[in-house]
Amino acid sequence: MFNKILIANRGEIACRVAATARRMAIKTVAVYSEADASAKHVSVCDEAVPIGASAPRDSYLRWERIIEAARATGAQAIHPGYGFLSENEEFAQACADAGLVFIGPPASSIKAMGLKAESKRLMSQAGVPVVPGYQGADQDPALLQREADRIGYPVLIKASAGGGGKGMREVEKAKDFAAALASCQREASNSFGDDAVLIEKLVQRPRHIEIQIFGDTHGNYVYLFERDCSVQRRHQKVLEEAPAPHLAAAMRRQMGEAAVAAARAVNYVGAGTVEFIVEQKPDGAMTFFFMEMNTRLQVEHPVTEAITGLDLVEWQLRVASGEKLPLKQEDLRIHGHAIEARICAENPDNNFLPATGTLHVYDLPSHVSFERGNTSAAATLVRVDSGVREGDAISPFYDSMVAKLIVHGDTREQALARMDEALSHTHIVGLNTNVQFLRQAVNTPSFTQANLDTGLIPREAARLFKQEKVGLPLTVAAAIARKLVEEKALEVHATTVGGWIDPWARRDGWRSHGLATRRFEFEFHGEAVTAVLTRLHDGALQLEVGSAAGPLRCVPVADGIGVDFAGQRQTVKVWLNQAVAYIFCALGATQIVVIDPLVHASVGQADTGRLTAPMPGKVVSFAVKAGDKVSKGQALAVMEAMKMEHTIAAPADGTVQELLYVPGDQVAEGAELLRISA
């Protein structure tokens, strides 16, 4: 076994690998960019080496620097994690040439299976069914357009060297193909250094089911069952679960054996995932097609660990050091059901636009997590894999995922209930996240009934987007309750300091005649709100918010503030970040802007003649020039942030006056990109 390994990655996967290495008494070396100098993964490893500037192409994709760091620190092997260099055959070969063990498959396997086009040809030759499409080497745009026309729309354009949903576009009509191809190629080039694409027929109502496989250097192979990853947005997975619901045992075995045959065909070693598209027929029958093979550990590997009780990173380390697979196929069993939710910094209500900012509050479920030492994944009811801490910043340079929340239960129904509870105890303040979206997703009829396919999110859109579960009365009551509890705490401190009571320090608004009233001003979902709080002579509180009026009761409790108003009684947690109150309770979470009457700056006003960057990133292209007339909703510019491209649309009709940047420029959030006149 190795004495020391280098982890050529960042974030939660670097922390995840380090946790297993620590348990196995293996020393670890972290690498980090300028943006990650104080990152969590740097602190959890035994050593750390800087490798370059913040952008991945200047640091985490510079494999020569990573190999130099391994040599300098005496590491014997390199674990690539996922993403970045994990499926780069040149890096795998460079490790071997440098006398280092690449903790993954040989370069030849990565080359054969890492390229989607090549792997499809290989599978077709092996008799595994593949989706109709084009995987040729000729990448002439005109030829690709003709092939798409031949296959028939809708089609899917996919980066041949891609993964993680990047470099992928659905095209419904022939007229949209050229623009989608260009965008796909740019994203593929930026993410993988290769702009080659393939085209395939878009299967209607597909399920995305993948098989976890493992091979060793002694010719042994197993499959560790399947994961259903059908719930996706922008072709990136949102929720994953194992085992796949409603999958017959015979089909599980058939898909597992096909996955092992694929691994044998390329002499695969280590952890890999063979991904299938499963087409569901109206009569309930299922047909599967080979889609691709990911020659690395997957983001969603924890659900497999949960149902098998195994540590897949430990298996990777043992196989890479020359050991045989710890178990044979007949020794493997499925125990219960597991679900994983990817918590991301993004705004689901704004087309999942990535978000950046500081984690002022990072309060996750208070359960023992895998990385804190529980080595039996099957016994972990709730697990959090995270690469950040409270106070850390989410930057625009890397993927938007903040953490992974994994739950396990004896049944799927139990796992669903446990996931809903865990998400309700996930409180993040400082930037937009998808936590409430995830909670709504696991409670949709489609997901609870396991009616799964990649169209689940658009099908359930009415239940998923722009949902307000807490409501105005309770939101205002919670914000005011926080203020009152804070004032009471200050009063107690002021009246007890020095051991004597100061009657002038009381803040209850008592007066000899009349009632004490206070006005509170808020903004809730863009609407101005006024609340009036009255303190009666007996000390009771009366609150009026719009049409809701009645007694307000609030008292500090062990897990927040107990609030009772307008027929609702909830325990709430409230954090104030700048002027925004973040409110969490069992019903859900919401935000409300607290207006300070002494501050005269207007809130929410927008200059319709300015188009600003919704997040920090790089300007990729402009679709217009000065003097062009544009219509509301028309695509004007493309920005790249968090390894994805985002289209910026016109907020209103008008004429472009001036472009203020050129493609390639880095811009800050809120930067004015161009001016439009009415």
Side-chain angles (χ1 to χ4, degrees), residues 238-239 339-341 343 348-349 360-367 369 381-384 390 402-403 405-409 411-430 432-445 447-448 460 462-486 522 524-525 531 541 543 545 548 550-577 580-592:
V238 175
L239 295 165
I339 305 173
E340 174 179 297
I343 298 173
D349 288 339
H360 294 292
V361 174
Y362 190 56
D363 186 21
L364 274 62
S366 56
H367 297 267
S369 72
L381 301 182
V382 177
R383 162 180 165 181
V384 177
E390 190 166 282
V402 177
L405 182 60
I406 306 101
V407 300
H408 181 262
T411 64
R412 187 175 190 268
E413 291 71 26
Q414 189 180 68
L416 278 169
R418 194 157 282 151
M419 176 60 78
D420 181 67
E421 181 182 11
L423 287 168
S424 74
H425 287 88
T426 300
H427 305 150
I428 299 175
V429 172
N432 287 320
T433 72
N434 66 339
V435 172
Q436 294 310 306
F437 172 85
L438 291 169
R439 193 174 178 199
Q440 287 150 202
V442 299
N443 284 291
T444 58
F447 196 77
T448 56
E460 294 281 9
R463 294 181 174 91
L464 292 175
F465 300 104
K466 301 186 185 302
Q467 300 296 301
E468 179 51 70
K469 301 295 185 181
V470 181
L472 175 63
L474 181 59
T475 299
V476 170
I480 292 175
R482 177 198 174 278
K483 179 69 172 174
L484 297 176
V485 169
E486 180 185 69
F522 302 97
F524 190 60
H525 297 309
L541 299 173
L543 180 63
V545 184
L552 169 66
R553 300 179 182 89
C554 54
V555 60
V557 294
D559 196 34
I561 305 172
V563 176
D564 187 349
F565 176 65
Q568 289 185 300
R569 181 177 296 176
Q570 290 284 319
T571 296
V572 301
K573 281 190 172 182
V574 185
W575 282 277
L576 188 66
N577 181 40
V580 180
Y582 291 75
I583 298 164
F584 302 89
C585 65
L587 294 174
T590 192
Q591 302 173 21
I592 189 167

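Below, all heavy atoms of this structure are taken into account, side chains as well, without hydrogens, waters or symmetry copies.
- No side-chain heavy atom of Arg482 sits less than 4.5 Å from a side-chain heavy atom of Cys554.
- Interatomic distance, OG1 of Thr590 versus NZ of Lys469, reported as 12.0 Å (0.5 Å rounding).
- The backbone N or O of His408 sits less than 3.5 Å from a side-chain atom of Arg418, completing a donor-acceptor pair.
- If you take CG on Leu405 and CD1 on Ile339, they are separated by 10.0 Å, rounding to the nearest 0.5 Å.
- For the side chain to side chain contact (heavy atoms under 4.5 Å, CB included) with Phe584, the lone residue among Val574, Val429, Thr426 that qualifies is Val429.
- Residues Glu421 and Pro365 have side chains not in contact (no heavy-atom distance under 4.5 Å, counting atoms from C-beta outward).
- Side chain of Gln467 to main chain of Phe465: a donor-acceptor pair is present (N/O by atom type, distance under 3.5 Å, no hydrogens or angles).
- Between Tyr582 and His360, every side-chain heavy-atom pair lies at or beyond the 4.5 Å cut-off.
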Report task. Start with the C-alpha gap between Leu552 and Val563, add the side-chain angles, then the distance that decides, and say whether side chain to side chain contact (heavy atoms under 4.5 Å, CB included) holds. Result -> CA-CA 7 Å; Leu552 169 66; Val563 176; 4.2 Å; yes
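- A donor-acceptor distance shorter than 3.5 angstrom exists from the side chain of Glu468 to the backbone of Val470, with no hydrogens or angles considered.
- Phe447 approaches Ala441 most closely through the heavy-atom pair CB-O, 3.3 Å.
- Atoms CG and CZ, on Leu474 and Arg569 in that order, are 12.5 Å from each other to the nearest 0.5 Å.
- For Asp349 (side chain) and Lys466 (main-chain N/O), a donor-acceptor pair under 3.5 Å exists by modelled atom type.
- Nearest heavy-atom pair across Asn443 and Asp420 is ND2-OD1, 2.9 Å.
- Heavy-atom minimum distance, Ala341 versus Leu438: CB-CD1, 3.9 Å.
- Shown here for Val407 and Ala422, the closest heavy-atom pair between the two residues is CG1-CB, 4.3 Å.
- Within the 3.5 Å criterion, the main-chain N or O of Thr448 finds a donor-acceptor partner in the side chain of Arg412.
- Pairing each heavy atom of Leu423 with each of Val435, the nearest pair is O-CG1, 3.7 Å.
- Between Ile592 and Val580 there is no side-chain heavy-atom pair separated by less than 4.5 Å.
- In this structure, the side chains of Lys573 and Val361 stay at 4.5 Å or more apart for every pair of heavy atoms.
- Remark: Arg383 CZ to Ile406 CD1 distance equals 5.0 Å, nearest 0.5 Å.
- Taking the six-membered ring for Trp and thresholds of 30 and 60 degrees, His427 and Trp575 have ring planes inclined between 30 and 60 degrees apart.
- If you take CD1 on Ile561 and CD on Glu486, they are separated by 9.5 Å, rounding to the nearest 0.5 Å.
- Atom CD1 of Ile428 sits about 4.5 Å away from atom OG1 of Thr433, to the nearest 0.5 Å.
- In this structure, the side chains of Phe522 and Ile480 come closer than 4.5 Å at one or more pairs of heavy atoms.
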Query - Intermediate values then yes/no, side chain to side chain contact (heavy atoms under 4.5 Å, CB included), Gln414 and Leu381 - result: CA-CA 10 Å; Gln414 189 180 68; Leu381 301 182; over 6 Å; no
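- Arg439 approaches Leu587 most closely through the heavy-atom pair NH1-C, 3.7 Å.
- Contact check for Val476 versus Phe565: no side-chain heavy atoms found under the 4.5 Å cut-off.
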